[in-house]
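Below is one structure, written out as structure tokens; the observations come after it.
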Amino acid sequence: MADEFEPNILGILCNWCTYAGADLAGTARTQYPPNVRVIRTMCTGRLDPAFVLKALSLGADGVLVSGCHIGDCHYLAGNFKARRRVALIRKLLEEYGYDRERLRMTFVSASEGALWAEVVQDMVNTIKKLGPNPLKQAGAAGQEGAIADEF
Amino acid sequence: MKEYNFFLGCIAPNRYPGIEASAVKTSREFGIELCDFKGASCCPAPGAFGSMDINAWLALAARNICLSEKEGKDIALVCNGCYKSLFETNYRLKENPELRAKVNSVLANAGYEFQGTQEVRHLIDVLHKDVGVEKVKESVEVPLTGLNVAIHYGCHLLRPKVERIFDSSERPVFFDELVEALGAKSIDYKEKMMCCGAGGGVRSYKIDLALDMVNEKLYNMTQAGADVVVNVCPFCHLQLDRGQLEIKEKFGDVYDLPVLHYNQLLGIAQGMNPEELGLSAHVIDVEPLLAKVL
Amino acid sequence: MDQEKRIGVFVCHCGTNIAGVVNIPEIVEYTKTLPNVAFADAYTYVCSTPGQEMIINAIKEQNLNGVVVAACSPRLHEPTFRRATERGGVNQFLFSMANIREQNTWVHMEMPEEATRKAKDLIRMEVARASKLEPLEAKVVPVEKAALVIGAGIAGIQASLDLAASGIKTYLVEKEPSIGGNMSRLDKTFPTLDCSQCILTPKMVDVERSENIELMTYSEVEDVSGYIGNFDVTIRQKSRYVYEDKCNGCGKCQEVCPVSRPNEFDLGLQPRKAAYVPFPQAVPLKFTIDMDSCIKCDLCKADDACGELEAIDFDKPDEIVNVKVGTIIVATGFDMYDVERKEEWGYKVYDNVVTGLEFERLIGASGPTGGKVIRPSDGKQPKSVGFVLCAGSRDQDEEDGAKPYCSRVCCMYSLKHAHQLIEKIPGCVPYLFYMDIRSFGKAYEEFYYRIQDEGGKFIRGRVAKITEDPITKNLIVTAEDTLLGEIMEMEMDMVVLASAVVPTESTQKIKKLLTLSNSPDGWLLEAHPKLNPMSTTTDGVFLAGMCQGPRDIPDVVAHAGAAAAAASIPIHRGSVTLEPIYAIVDEERCGGCATCIGMCPYGATELTHVDSKLIAHVNEAKCKGCGTCGSACPSGAIKMQHFTNEQIMSEIEAFAQVW
Amino acid sequence: MATEGMRNPKHEQLGKTVLDPNLIKEVEAHGLDKARMCYQCGTCSAGCPMGQRSGLRVRKVMRKAILGMRDVLDDPDLWLCTTCYTCTDRCPRRVVPTDVIMALRNIATREKKVPMSMIKIMGAIYKTGHGVPNNEENAKQRVAVGLPPNPPTTHSYPEYIKDIQTILEVTGLLKIKEEMEAESQ
């Protein structure tokens, strides 16, 4: 089983809702797969398309962005903007030859620990189906500047 | 012209053909064609069969739906029991992929596969939603003014509410509206939403208790001054009609309350010839009622 | 970059919570190999005093200029470790935290290897982030010496009185014409049987008399902007069509008014005129004209009515009031569940089925029957009354809008109703149909004992259905006495449904304005259900009373007191330190394209002229640091303090280094 | 505590309540994921029309199913439920008591504890495809109302009956019928 593909997924979570929801899954000891590493931002509105492209260019198998439900954003409208950006990036990914499902945005509130565990499980299953990051297969991942990283 | 495969079940075609005949004729008035549903079988009886093996019940019900799927036609029926078997099976197999796979694996042995492409409609629902109370009123030739009707909704039509599409399972009104569209009066009576007692295989397992339930209903109806009982389920119809004879023999109570399926009542209101209503198959004589109305 | 980064990493055992799953020594050794890490160590409880001392000493001994702690969630102990870092002589914003407990060991308990590897990855990411952190100074902002309380039921009243007593100017806004809320509708209160009005009206009068409370009744909060210490609140004072300063509450307008309407205060059981006060002890005792019903016959303006006072003006417009406050308390109370949706009990179908609140009005002295409990159908006094407990509570039927939670007050007020019936109507027998009698409070169980002693009857079974005898209008209540296993069909003269309490509709609007969220049961979400039930995740906004969840009056008063105390702290301190997380525009790079303007819901960004060039500028005070503008800026000209692109990019690079 | 010698062997049975925690799992395997959540409020028993006139107490059936008292499968009252679903619509815990009774009946059927009246209905369907087949007298009635003597069901297209028989065999119901009919001879 050792060689079975274990995806490496980057999580970008908003501090007020999903990050708190993930903590709640912890206090409730809800078990879920260990494939996601989380970066905490104050709001999903902080999502910059470059973050996603950078992660995928360096070999990440998937990116999971998650924040408050629409209408609950601590900063009123950050998640609206993030939702639109994710839709845009997903179109962009297809032009780079990536399956759009490698990037996903979900909405998990501070009281939905169980939902967060389900979201992670579902994302891991999806990425396992898609297989490793195409760059990794072509051995091109990890090169500096694979995608222009200066602004 | 909307075509439906007309699912007959057992008791309508094989005990009260007047229900089948009146359904076909009255629906044609509204541009609904109830076509012959070739090869259909028992729905199978939800109470009896569901009690023995849920999977066999789902598979036999799904077999009937598959036949209609092959012809690409929706199914219309006139019985609450058949409605539970076919509507609920159709609903559950569409909603639950694992259940559908399990049932399809059973059906495969007989060469069928459930697709989930068709709808299952009770004729009373078609009349109320698609045809509408106004159109039904317009189709009346012989207004049934002065007729006190005790409606028996039946259980599987309304419950469990979670899967059903009607307004309420405690105080529904759609059937009352359809009866009053014919000029008759839908009377209120005690325990109106109560079961007729026949379901769940109890009529064949413990007839005395089944009759005791329908006895209470018949008593409540006559107390409220009913001239006729109207239902939308041939099995309730049989329990209410033949039941009165069995009650007289076993308990001595006599009601002589005529029993009509809604299609028959609609047929009378639309001026159908009484011979076409198969009233002679009824245990309780319906002639006195006709005299009152015609 | 400034001088060389020397980061100290402290890995916490957290007893067995972390150490019980991952290999701590292996992690510490790995951490030492990371770039910029000058020191790495582990300890059983880093958040303890000795743990913090370890950090402080390590900073001095190893001459550290950055700290990373790998332990629980930053939402829990980030403040603790920032202070320790500061006490060690390093700027507190050069600290970062790796969440290897809630988001690692606690959720991957059966996978020690993966959890260990994930802990290493998370630490590598935080060290990469720490390497790019810059020193920042916390923003200290003054706090307006005033508070806003939304809702003037007993919760809002108690909170306002406490705030005012501690010398804080308090704006109390109530949408009804009078304060008092649902408590003013009650007759007696359990378990002491105090008359509700007698213990409430003194507090209502205190509110009116308190010079620190500015009371705005028949008013609603329209908009809130700003942040803790500096909330700008817009309040709409709906027009009463009566000048409050001129009206002396004489009530003559009411006498002559020909129009009568069902009085909402009495749940429609008693009429009121178009010119009315909700109830006699209304505070303020000012009349209101219900313009939807008024027929403008001018009788109330005539000499024998308002006459020379000239308090009535049919064209008086609404008024908009703007106030500035430091903190806000939400006390919007509760409504009753629409128990009509449970058709099997026949509410509104059978005349003699009433709700618990309607029973309060019937038995209340100021109620429609002057306190005489009568059957709505024939006005007779009931000799047998059935009480249906858990009417819509502890019920999973979402289709009927029923509520899964226990409403906490119905058992006790049903016992109270039973007592009142026994006392007021000799020979009347109350039957309580219950599943569990929850008499949990002080003197509650003794009260239950007393009611049983006085003759209350208890049937352990939830009522399945109620039918009516059409002639006598008596009700047949059907339930199984599950202790006997027998089906009871009991004829009752009257039935009272102890219906569930539910959140009010108006709370949804307030929730949006204050960016609060709901807990799954629909009540407002508190900061922490056990340790901080009166605060919210929005700094400076607090909750008081039922709006946070069902509770009885003693708990409401305690909760409201706690909210007032919490809300007064920032005000008394006079200032509050805000995290210096806000946007700064790099004027060289900014092309003045104004993309960022559209991004900001707070209007914190604006275009300014800097020597003939159009440059975006961020108003530090208004900016909340969400970062939406930062990542939309096409030329990367906006730097998000403490969440800069470099910091996040370095975390991503560290994340991708699959070692 | 009775001392050792005092116990009469006849009383050996006392205190030997046998509970099978798997019974509720077997019930829930019939697509009823919340059957165990009953909190014994009695709404089902009270509203049950059959309960008014018999010993059927739906709440007691639920209690036995959840505690695992398998003797509920031998209780004749289990077969008195007319499946009117009144209890299901009113249950505050949404455990669908009617389907729990149906599931218990399914388990009883596999243990050959099903009333012969049910087996007879299955027999009719196996032979003709109908639980209530057509007969001479009814065929005349059909003609009188202008319908063909036989409905267009399996009565007119008997070739479909073999599919029904296959399904009954595959699901094991036929075997139960045959064994029970043999035992009852």
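Labels below follow one simple rule: chain letters A, B, ... track the order of the sequence lines, proteins then strands, and each chain is numbered from 1.
For chain D, the nearby part of B:Lys206 is the side chain; its heavy atoms alone come within less than 4.5 Å. With a threshold of 4.5 angstrom between heavy atoms, B:Lys25 does not approach chain D through any atom at all. The parts of B:Met213 that come within reach of chain D are both its backbone and its side chain, each placing non-hydrogen atoms under 4.5 angstrom from that chain. For a residue to count as touching a neighbouring chain, one of its non-hydrogen atoms must lie under 4.5 Å from one of that chain's; by this rule B:Glu98 does not touch chain D. Residue B:Arg203 does not touch chain D at all, counting heavy-atom pairs closer than 4.5 Å. Only the side chain of B:Leu8 comes within contact range of chain D, judged by heavy atoms closer than 4.5 Å. Residue B:Phe6: no heavy atom, backbone or side chain, is found under 4.5 Å from chain D. For B:Ala48, the parts sitting under 4.5 Å from any heavy atom of chain D are the backbone and the side chain alike.
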Just distance, no hydrogens or angles: give the donor-acceptor pairs under 3.5 Å from side chains in residues 44-54 of chain D, sequence neighbours left out.
from	atom 1	to	atom 2	distance (Å)
D:Ser45	OG	C:Glu480	OE1	2.8
D:Ser45	OG	D:Arg59	N	3.0
D:Gln52	NE2	C:Glu489	OE2	3.3
D:Arg53	NE	B:Asp212	OD2	2.5
D:Arg53	NH1	D:Pro49	O	2.7
D:Arg53	NH2	B:Glu216	OE1	2.2
D:Ser54	OG	D:Met50	O	2.8
D:Ser54	OG	D:Leu56	N	3.1

Verdict with reasoning, D:Ile167 to B:Leu107, per side chain to side chain contact (heavy atoms under 4.5 Å, CB included)
CA-CA 7 Å; D:Ile167 291 173; B:Leu107 284 174; 4.0 Å; yes
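When only modelled atom types and interatomic distance are considered, B:Asn109 and D:Thr166 share no side-chain donor-acceptor pair under 3.5 Å.
Within residues 170-179 of chain D, the residues approaching chain B closer than 4.5 Å by heavy atoms are, in numerical order, D:Val170, D:Thr171, D:Leu173.
Between B:His156 and D:Tyr85 the shortest side-chain heavy-atom distance falls below 4.5 Å. Here the side chains of B:Phe37 and D:Thr153 are not in contact, with every heavy-atom distance at 4.5 Å or above.
Distance alone, capped at 3.5 Å, places no donor-acceptor pair between the B:Arg63 side chain and the D:Ile164 backbone.
For chain B, the option among D:Val132, D:Thr88, D:Asn135 with the highest count of heavy-atom pairs below 4.5 Å is D:Val132.
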